Each structure stands twice: as C-alpha cells, then as structure tokens.
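The structure under discussion appears below in the form of structure tokens.
These numbers come from a predicted model, not from an experiment. Below, all heavy atoms of this structure are taken into account, side chains as well, without hydrogens, waters or symmetry copies. Within every chain, numbering begins at 1; the chains are lettered A, B, ... in the order of the sequence lines, protein sequences first and strands thereafter.
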There are 2 protein chains.
Amino acid sequence: MAEPTDISTTGRTGAGALAHRVYTTVREQIIRGQYPDGARLGEERISAELEVSRIPVREALVRLETDGFVISAPRRSAVVRTWDARSLDELFDVRAVLEPGAARYAARAVARGGSTVALERALTASRDSVRSGDAYLIAERSAAFHEAIVTTTGSDLLMAQMRAISGRIQWLFFRTSTLDVETAFEDHSELAAAIASGDERVAEALTFAHIELDRAPTFAALGLRPNLAAEPSED
Amino acid sequence: MAEPTDISTTGRTGAGALAHRVYTTVREQIIRGQYPDGARLGEERISAELEVSRIPVREALVRLETDGFVISAPRRSAVVRTWDARSLDELFDVRAVLEPGAARYAARAVARGGSTVALERALTASRDSVRSGDAYLIAERSAAFHEAIVTTTGSDLLMAQMRAISGRIQWLFFRTSTLDVETAFEDHSELAAAIASGDERVAEALTFAHIELDRAPTFAALGLRPNLAAEPSED
DNA sequence: CCTAGCCGTTCTGTATACAGTTCTGGGGTG
DNA sequence: CACCCCAGAACTGTATACAGAACGGCTAGG
C-alpha cells in the first residue's frame, strides 16, 4: 500500500510527478553521498540526466533547498550542502526543541484516545530494517520513526515543521550508521512505549534524553567537535 | 534602510526580484483580507495583474503555500486558506513548542556573550508601531519581535523553523488587532528583559505563558472555540 | 614567475507556447 | 422540478527560447 507521499504530488503518474521524481532521485543521491560535498548541481545537467525539462528541476531544487540538502544563491548553481559543526549543532538544537514537544503532544493525543498505529508501524518497519542491515534503509526508517511521533500528535502543522528537518535527520543517520543501531532501536522502542502510555512528561523527557545523548557520539562519528560556546575557546 | 529580506532574493532589482515582489504583494493582500477566504488565485490572473509571466507567480505561490497562506492541489488553482479552530490550535501548539525553546536558547546565547541588539531594535520598532496605531504595522512588528527572539539564538535553522510560521503569526495578529496591544507590548518588554538577563528558565517560562495566555483571547476575538479534545464533545 | 584585467562560455531568470485536465454552464431526461 | 451528462472554457503542468549575469581561462604587464 503506497503511503501518501505527503507532498503536493503523490507518486502516481500525472501532475507534479516529474518534479517529485527529480526531487526523490537527487535527494537519495545526496544522502548516499554520490555527489562530493559542494558539488554543483546545474539545472541543465540534471534535466539532461533525468530527461525532463528545467522547470521540474527548478521546483525540485527549491524543495531540496528548504530540506537543507542544497544551497543556492541567485544566479549561481545550487551546490550540495557542506556540513560543519555549527550546522550540526543547530540541527540538534532544533531537534531538542521540536521533538520533545512533539512527544509531549503525542502522549497527550494518545491519552485522549488517539491512535498509535502509525507509531507501531514505524517501529516495526524500523526493526525490520535493522535486521536487513541496509544502512540506507535503516536511516530512512529511523528518521520515519521520529516522524511517526509527530504524526501521532495529529497536528499537520507540527508535522510540516518536522518534515522540514526530517531530511537532514535521515542524512545524519546514514552518515552515522556506524553507531550502534541496536541500541538506537531499543531507545525507539522505549520511546514508543512511553508515548503509548500517555504520560506526557515521561515521553518528553525520554525524547529529550534520546536526542541529547546522541549528540556527542554523532559528532564523534563525523569527526567533528560540538561547538560548545560555553567553554571559551582559546583560539 | 532596507532590511535584508532574508529570502534568497533581496529587495534590490535583479535576480528573483519578480517572484519576491509577487510574493510580498499577494501576501500582504491576503493578510489584509483583500481576498475573500477561499478565493481562487489563478496564476494567469495574478501574472496579468502584476505584469509578470507565470513563472515568478508559480514560485511565489510555492512560498505562499509553505507559509500557510494558500492551499494548492495538483491541477487546481491555489486558493486562499480558510482558518478553522483546529488549524489555529495547531498553530498555538507549534508556537508553544518552538518559541519557549527558542527563548531558552536565546537566553543562553546572551549569557554566553551574544548580542541583544536585534531584540532591542525589534522591541523599539514594535513600540513605535503601537503608537502609530496602524493595525497592519503593529501586527508586522509584533511578529517581527517574536522572530527577533529566535534571531538572538544565532541559529539559522531555528530561524528557518520560525519563519515557516511567522507569516501565520502575522496574519493572526492582524486579525486579532482588536485585542489590547498595549498589554501585548508590555509582555514583549518583559520577555526581552528576561532573555537579556540570560536566565534560561525564566525566559522559557515567560514565553510559554505569553503564548498560552493569548490562546483563549485569540479564539474569542475570532469567534472560534478552542478545540480541546480533552472534553469529549457531544456531537 | 606571478598578478590583474578582459573576453568567451556557461548558467540562471524570465517569457512564451502547447497539451492535458478540471471546472462550469446548458440542455436533456426521468 | 431535480438530476445527470456533455461540451466549451479556463487553468495548470511542462517544454522550448532568449536575455543577462557569473565563472573560468587567456593574455598582457610587472
């Protein structure tokens, strides 16, 4: 069963299908690291590769920019985004704000009779991916689980906010797939249970901890150092 | 002193200027309520009115959709968004998650030596707008103040998250300009002081209270009832 | 050998054109 | 009188075309 691709155009052939296909293709290639960091993504080249005109490519590039995969300046080619410690810290900061709050609302929604099927399905899919050992799939499903938490809140707007960073999260998970995926899955399992229990504070706290405890290992795996402006650096 | 319009294209003539102009124009018209709710925004009609081709109009409509001003389905004209109690509640939910967190990071940034000039400037501009009595200006400056809190964090990503809902906030402020703007300004003043003091918890708590205490009056001013799913409705 | 300025190439920004789909109004029928 | 069907109109999705700006290499000068 094809899950709705949320974005304006579903996967079916027809309206917006081309832009969507371009978006999906380039997005996966970037996540997989097929393009070197900072690679230029000329509209014409992409349109030639995927055999569409430049119009759908333009629309895809706009979405890729809002998703943080490329950076584009006026009159200049879009380039694959390069990540530094600061951007990564910002991502964790936003996650630390958004996801715990979402978990809180999710628990509240469950306590009020909301469904947890999305959460359970995402957890199951995540478990299967771990067993498969496919790093890309694991990253995709893991990011999808975090999205499912927000889905459980039932808020479209919160979901939109989450989607805005979900791509970055998936990218991150793929790049840090050397980390212990088993433990990560157990964390997710606990998290889902907490939300399903309906306890807002536990769900919120656990989500916050899950994210913050992942910050240091992620930086380590990427060979970066957290930009803790707290300690005055002696540069 | 033209403040940088943040988005890819600055206000200056040149690249992206047309799309930006279309975006700004239509956006203001929607906020001011020039279009009836649900009005259809045909690409061709807009392009004719503003004397540009459909291409910049398309790009503007995409941005207007992400900002929540219009809703568009494939092969159908974009329509001005109609707001209901649920969407409004979702907006307040997201604000209650995002803005307190932002205030916390803002206070932290200040405590670590970050600048508060953006905050102070926004506060001053807000005060001036209140004195002017121009409802649109008040709404604009008030929304800008909330953005300034996020600016103070120094996080581009957090700022992007805030911008995604900033338009909705401005729309809301304009529609509820019957509320006591003096009190709102005093709230903002307190908020700025709390952030400037560098106390994370106070800044966070005050922001949360400011938002939540505004929820009920906003609904009342719009003639809606909060969608408190807590109480089982007898429909 | 290195640096600065100029020119060609490449690419984006925008306009125009066409095909397919959706909406709307009128006419016909139960 | 109400409902359904159909044809024309309107609109979006996509392709192609052209103008102007940015980038890269080449040449000239120190």
Side-chain angles (χ1 to χ4, degrees), chain A residues 4-26 30 35-66 69-82, chain B residues 4-26 30 35-66 69-82:
Chain A
T5 47
D6 67 75
I7 202 57
S8 59
T9 67
T10 63
R12 73 158 188 272
T13 64
L18 294 188
H20 184 70
R21 186 162 64 86
V22 173
Y23 168 78
T24 307
T25 307
V26 176
I30 291 177
Y35 298 109
D37 268 10
R40 294 179 54 171
L41 297 177
E43 296 180 1
E44 192 124 17
R45 193 171 60 77
I46 297 176
S47 67
E49 277 180 17
L50 300 182
E51 296 180 335
V52 295
S53 90
R54 276 177 48 212
I55 305 288
V57 174
R58 278 182 77 82
E59 297 189 4
L61 286 177
V62 170
R63 290 192 51 201
L64 287 170
E65 184 179 13
T66 67
F69 288 112
V70 309
I71 293 181
S72 67
R75 297 278 182 192
R76 290 169 61 173
S77 292
V79 296
V80 176
R81 167 162 196 172
T82 58
Chain B
T5 48
D6 65 76
I7 203 56
S8 60
T9 66
T10 63
R12 72 157 188 272
T13 63
L18 294 189
H20 183 70
R21 185 162 64 86
V22 173
Y23 168 79
T24 307
T25 306
V26 177
I30 292 177
Y35 298 109
D37 269 9
R40 295 178 53 171
L41 295 177
E43 296 180 1
E44 191 123 19
R45 192 171 61 76
I46 297 176
S47 67
E49 278 180 19
L50 300 182
E51 295 180 336
V52 295
S53 91
R54 276 177 48 213
I55 304 289
V57 174
R58 278 181 78 82
E59 297 189 4
L61 285 177
V62 170
R63 291 192 50 201
L64 287 169
E65 184 179 12
T66 67
F69 288 113
V70 308
I71 294 181
S72 67
R75 296 276 183 192
R76 290 166 62 172
S77 293
V79 295
V80 177
R81 166 162 199 173
T82 58

Take the protein atom CZ of R58(A) and the nucleotide atom P of dG13(D), then report the distance between them rounded to whole Å. 16 Å
Respond yes when some side-chain nitrogen or oxygen of S77(A) is under 4.0 Å from OP1 or OP2 of dT12(C), and no when none is. yes
Just how far is it from atom CG of L64(B) to atom CD1 of I30(B), taken to the nearest 0.5 Å? 5.5 Å
CG of L61(B) to CD of E59(B): how many Å apart, nearest 0.5 Å? 10.5 Å
In this structure, NE2 of H20(A) is separated from CZ of R63(A) (nearest 0.5 Å) by 6.5 Å
Nearest whole angstrom, please: distance from the C1' of dG13(C) to the OH of Y23(B). 20 Å
With rounding to the nearest 0.5 angstrom, report the OH to CZ distance, Y35(A) to F69(A). 12.5 Å
Of dT14(D), dA15(C), dG13(C), the nucleotide closest to the side chain of E43(A) is dG13(C)
Report, one line per pair, each donor and acceptor closer than 3.5 Å where one atom sits in a side chain of residues 50-57 of chain B; sequence neighbours left out.
unit_1, atom_1, unit_2, atom_2, d
S53(B), OG, I55(B), N, 3.2
R54(B), NE, E43(B), OE1, 3.0
R54(B), NH2, E43(B), OE1, 3.1

Do you know the tightest heavy-atom contact between V80(A) and P36(A)? CB-O, 4.1 Å
Short heteroatom pairs, N/O only, protein and nucleotides 23-25 of chain D, under 3.5 Å:
unit_1, atom_1, unit_2, atom_2, d
dC23(D), OP1, R76(A), NE, 3.1

So, do V70(A) and R81(A) sit near enough that their side-chain heavy atoms are less than 4.5 Å apart? no
To the nearest 0.5 Å, how far apart are CG in L41(A) and CD in E49(A)? 9.0 Å
What integer distance in Å separates E59(A):CD from dT12(C):C1'? 16 Å
Please tell me which of the listed nucleotides, dG13(D), dT14(D), dG20(D), lies nearest to the side chain of R75(A)? dG20(D)
Nearest-Å distance, NE2 (H20(A)) to P (dG13(D))? 15 Å
Strand-adjacent residues in residues 44-54 of chain B, judged by heavy atoms under 4.0 Å from DNA chain C: V52(B), S53(B), R54(B)
Expressed as a whole number of angstroms, how long is the span from I55(B):CD1 to dA15(D):P? 12 Å
Do V26(A) and I46(A) touch side chain to side chain, with heavy atoms closer than 4.5 Å? yes
